Amino acid sequence: MSGLDYETVAKFAQQGGTLYFGAVFIAGVVYALWPKNREAFKRLSHLPLEKDEDEHV
């Protein structure tokens, strides 16, 4: 029998998926905290608090 049984493939998929999503998370955090993006995120964080010109009630 080859070395590709269910347990081996499942363990590889779990570890690979964890590493992949961890890398995506770290990349997102780095992007959000990058100094060049600070002003854009600050402006966007205040956007929900601004009064709309069109009042939709």
Side-chain angles (χ1 to χ4, degrees):
M1 183 181 242
S2 70
L4 288 178
D5 56 350
Y6 174 76
E7 287 82 17
T8 304
V9 173
K11 185 178 283 193
F12 176 76
Q14 289 171 355
Q15 292 174 349
T18 300
L19 291 175
Y20 174 75
F21 286 114
V24 169
F25 176 77
I26 295 296
V29 169
V30 168
Y31 175 76
L33 297 177
W34 202 259
K36 184 177 83 172
N37 299 327
R38 181 173 296 157
E39 286 302 318
F41 281 115
K42 185 175 282 196
R43 183 177 48 83
L44 290 172
S45 70
H46 293 289
L47 192 60
L49 302 175
E50 293 178 3
K51 187 171 176 90
D52 289 339
E53 292 180 12
D54 301 331
E55 291 287 336
H56 298 292
V57 180

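Along the sequence shown, residues are numbered consecutively beginning with 1. Remember, predicted model here, so these are calculated numbers, not experimental data. Because only heavy atoms are used, hydrogens play no part in the values below, and waters and symmetry mates are left out as well, while side chains stay in.
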Review point. Are any non-hydrogen side-chain atoms of F41 and Y31 less than 4.5 angstrom apart?
Key: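 Yes; the side chains approach each other to less than 4.5 Å.
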Check your understanding: Does one hydrophobic cluster hold both F25 and W34, with members joined at side-chain heavy-atom distances below 4.5 Å?
Key ->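 Linked within one cluster.
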Check your understanding: Does L19 share a hydrophobic cluster with F12, counting links as ILVMFWY side-chain heavy atoms below 4.5 Å and allowing steps through other members?
Key -> no
Check your understanding: Taking atom CD of E39 and atom CG of L44, what is their separation to the nearest 0.5 Å?
Key ->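 If we round to the nearest 0.5 Å, E39:CD and L44:CG are 11.0 Å apart.
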Review point. Okay, side chain of T8, backbone of L4: is any donor-acceptor separation there less than 3.5 Å?
Key: no
